[in-house]
Amino acid sequence: MSSNTRRRDDGELGSGGLCLGMVWVWLAVLGVGASGCDPRGEKDEREADTATDGATDSVESGQDTAGHSGVAVDEADRDGDGVHRADDCDDLNPLAWDGTYDVVPGDLTHDFGSFCDGRCARGLEGSLELGTIRANVLESLFCLTDVGGSVLARSDESGGGSPGGEHTDLTGLDALQHIGGSLSLHDQRHLDSLDGLGALQTVGGGFYIHHSDQLVSTAGLESLETIGGSVSFYGNEELADLSGLAGVSAIQGDLTVYHNDALTTLAGLDAVTRVDGELLIRDNPALQHLTGLEQLRWIEGDLIVVHNAGLLDVAGLQTLESVGGGLALNGNEALSDVRGLASLRTVGGELQLARNSALVDLNGLSGVVEVGGLTVYAGGTTDLRGLDGLRSVAGDMHIGSTVLETLDGLSLLERVEGDLTINHNASLVGLEGLEGLTEVVGELAVGGNAALTSMEGLASLTGVRTGLFIGSNDALESVDGLDVLEWVGHDLVVHGNGALNDLSGLRPLVFVGGDVRVSNNGTLPTLDGLDSIWHVGRTLQITGNSALVSILELESLSAVDADVEVLGNAGLCDDQVVVLCSALGTGLGGSCTHTANTGACP
């Protein structure tokens with residue numbers, strides 16, 4: 001029924017309706033036009049309502065439905081909108097009488113006051129954009145039950161928009177049950193409660209609450225069961241409670257809990273069993289545990305727990321079995337216990353353990369058998385025990401920690417599909433712990449380990465498919481430990497190891513597919529250990545080894561596909577280079593260059 005045609009009390013239709021004082025008050029407060037009423041009061045006389053038995057309904061004095069004492073209430077029309085209660089879909093609301101449901105096409109961005117137009121229930125085909133949440137706007141949407149698009153409330157910092165003060169809750173949206181798109185509350189600085197969303201059951205897209213500084217709790221969402229996209233709580237300074245999501249069992253996108261200063265627990269997410277995207281928990285300084293995630297079993301994307309200064313452990317993740325992406329535990333300064341990950345078996349991406357200075361052991365990760373990559377960097381653990389079940393790394397593996405003393409804990413590791421870098425471990429004295437490693441598909445780089453004295457621990461390594469780099473290990477005296485290494489697919493580089501005096505650990509090596517570069521090893525006297533190599537796929541470069549006196553150990557070399565460069569070896573007789581290049585003959589694919597080898601010749 002339109003606002004211009006209302007039912008009179010005697011049941012007949014009249015044009016223009018009846019204008020009661022109370023209706024005018026409601027309409028004036030809410031900013032709704034009263035075009036259907038005669039402002040001159042020509043039809044302000046109400047006819048008595050006659051019941052079917054001929055009796056007249058009584059008119060009682062007392063409180064009206066709006067709570068005004070001393071105002072007469074007509075029991076046949078309690079809200080005074082001129083519509084008999086038998087025909088009124090809501091006889092307690094003078095702005096609602098028409099029970100016909102329809103859907104308004106398009107988006108709703110302004111003129112909120114005329115949206116309901118007398119209806120008790122109405123849908124919106126498109127999106128609802130509210131700007132700064134204001135009481136008069138929400139109250140005028142009392143009939144809204146469904147939004148086909150998104151609901152967006154982004155604060156208008158200029159203070160414009162509809163008149164009325166900023167609202168502290170969402171009262172007025174009490175009928176809203178379904179949102180087809182996303183629900184986004186951004187920069188609502190005065191919002192301290194989600195009251196008003198108690199009927200909301202489904203959000204087809206994402207759910208976002210960002211920079212709502214006064215919001216303390218998500219309580220008020222108790223009917224919400226389905227979220228079809230991502231969920232994000234970001235930059236809410238007072239948010240301490242996620243209990244309103246207790247009915248949501250799956251996050252069908254990312255779950256982000258980022259920079260919420262007062263948040264101490266994730267309780268409220270207790271029903272969530274899976275996250276279809278990424279789970280990011282970052283920069284929540286008061287968060288001490290991950291309690292609230294006890295039912296979570298699968299994460300399809302990454303699990304990232306970083307820079308939570310007060311986080312003590314990962315309790316709450318006890319049932320987590322699989323992470324499809326990477327797992328990063330980084331920069332959690334107080335983290336000392338990862339036993340909450342005891343059920344974890346697979347990590348599809350990189351397992352990152354970095355800058356957790358209080359984490360002195362990795363107990364809790366022993367169930368992990370395969371990861372997409374592994375990084376252990378700048379932590380507090382002196383060994384890698386806790387990774388005892390790890391058999392395969394499908395990508396790169398990086399080890400770099402100033403306090404790490406041994407690689408114990410990796411004894412079951414057989415294969416690294418990417419690069420294996422063991423760099424800048426100031427306390428590492430050996431590579432024991434890698435005894436099961438048979439192949440590195442990428443590059444094996446051992447560099448900048450100041451205390452490393454040998455390569456012991458690589459006794460099962462038969463091949464490195466890309467390159468082998470051994471450099472800048474100041475205490476390394478020999479490369480013993482590479483007992484069965486037979487081939488290097490690309491480059492072999494031995495560079496800048498100031499104490500190195502013995503290459504005999506490389507004696508099993510017969511083939512190098514790229515360059516061989518031996519340079520700036522100040523105490524290396526001979527190339528003993530390279531005597532089994534018969535083929536170099538590119539350049540042979542021997543440079544800057546000041547103590548080198550002999551290269552005659554290369555006598556097995558029959559082919560260098562590119563150049564031979566022997567330069568700046570102060571103790572080497574240059575004639576040895578001439579002999580080497582002559583012996584190669586047609587096996588030398590490029591040029592032979594030799595200068596500044598100034599050692600005495602016999």
Side-chain angles (χ1 to χ4, degrees), residues 89 96 98-117 119-134 137-155 161 167 169-188 191 194-210 212 215 218 220-234 242 244-256 269 271-278 300-301:
C89 59
D98 186 350
T100 305
Y101 176 83
D102 69 347
V103 176
V104 177
D107 298 333
L108 179 61
T109 60
H110 60 283
D111 293 335
F112 303 104
S114 62
F115 176 77
C116 289
D117 194 24
R119 287 173 173 79
C120 286
R122 201 168 205 187
L124 176 65
E125 180 184 52
S127 294
L128 171 64
E129 297 183 17
L130 294 171
T132 299
I133 294 174
R134 302 184 188 278
V137 170
L138 297 186
E139 289 171 0
S140 66
L141 297 174
F142 64 87
C143 68
L144 182 62
T145 60
D146 303 270
V147 176
S150 296
V151 174
L152 172 63
R154 183 183 294 276
S155 179
H167 211 24
D169 61 30
L170 298 170
T171 302
L173 294 177
D174 306 76
L176 183 60
Q177 299 178 37
H178 306 288
I179 299 173
S182 297
L183 172 59
S184 302
L185 305 175
H186 292 275
D187 302 302
Q188 300 297 328
L191 186 69
L194 299 183
D195 288 349
L197 292 179
L200 185 63
Q201 300 172 23
T202 61
V203 175
F207 182 99
Y208 309 99
I209 300 179
H210 292 177
S212 295
L215 185 65
T218 60
L221 295 167
E222 284 72 18
S223 297
L224 185 61
E225 296 181 349
T226 301
I227 298 175
S230 297
V231 175
S232 178
F233 300 99
Y234 174 64
L242 304 180
L245 297 181
V248 178
S249 61
I251 306 297
Q252 299 178 44
D254 298 336
L255 173 57
T256 299
L269 300 174
V272 175
T273 60
R274 78 172 198 270
V275 175
D276 290 346
E278 172 187 275
E300 294 297 328

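We use all heavy atoms of the structure for the numbers below, so side chains are in, but hydrogens, waters and symmetry mates are not.
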[X] and [Y]: which non-hydrogen atoms are nearest, and at how many Å?
| X | Y | value |
| --- | --- | --- |
| Leu191 | Asp169 | CD1-CA, 3.6 Å |
| Ala121 | Tyr101 | O-CD1, 3.4 Å |
| Ser230 | Asp254 | OG-N, 2.8 Å |
| Asp187 | Ser155 | O-CB, 2.7 Å |
| Val248 | Leu224 | CG2-O, 3.8 Å |
| Thr171 | Asp174 | C-OD1, 3.8 Å |

Backbone N/O of Ser182 and side chain of Ser150: donor-acceptor pair under 3.5 Å: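 Here the side-chain-to-backbone pair exists.
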
Donor-acceptor under 3.5 Å (Arg122 side chain, Val104 main chain):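 Looks like no, no N/O pair under 3.5 Å.
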
What's the spacing between [X] [atom1] and [Y] [atom2] if we round to 0.5 Å?
| X | Y | atom1 | atom2 | answer |
| --- | --- | --- | --- | --- |
| Asp107 | Glu125 | CG | CD | 9.0 Å |
| Glu300 | Glu278 | CD | CD | 13.0 Å |
| Leu173 | Asp195 | CG | CG | 12.0 Å |
| Leu152 | Thr109 | CG | OG1 | 11.0 Å |
| Arg134 | Ser140 | CZ | OG | 13.0 Å |
| Leu242 | Leu255 | CG | CG | 8.5 Å |

So do [Y] and [X] actually touch side chain to side chain, heavy atoms under 4.5 Å?
| X | Y | result |
| --- | --- | --- |
| Leu170 | Leu176 | no |
| Phe207 | Phe233 | yes |
| Leu124 | Leu144 | yes |
| Leu245 | Ile227 | yes |
| Thr226 | Gln201 | no |
| His110 | Glu129 | no |

Stepwise side chain to side chain contact (heavy atoms under 4.5 Å, CB included) test for Leu269 and Ile251: CA-CA 10 Å; Leu269 300 174; Ile251 306 297; 5.5 Å; no

Cys pair Cys143, Cys120: SG separation below 2.5 Å: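 Between Cys120 and Cys143 there is no disulfide, given that their SG atoms are not under 2.5 Å apart.
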
Whether His210 and Tyr234 hold their rings parallel, tilted or perpendicular, with breakpoints at 30° and 60°: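 Aromatic pair His210/Tyr234 classed perpendicular.
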
Chi angles and distances behind the side chain to side chain contact (heavy atoms under 4.5 Å, CB included) call for Leu215, Leu185: CA-CA 11 Å; Leu215 185 65; Leu185 305 175; 6.0 Å; no

Criterion side chain to side chain contact (heavy atoms under 4.5 Å, CB included) on Leu138 and Leu130, from CA distance to verdict: CA-CA 9 Å; Leu138 297 186; Leu130 294 171; 4.1 Å; yes

Residues, nucleotides or ligands: over 12 heavy atoms within 6.0 Å of Glu225 CD: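 No.
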
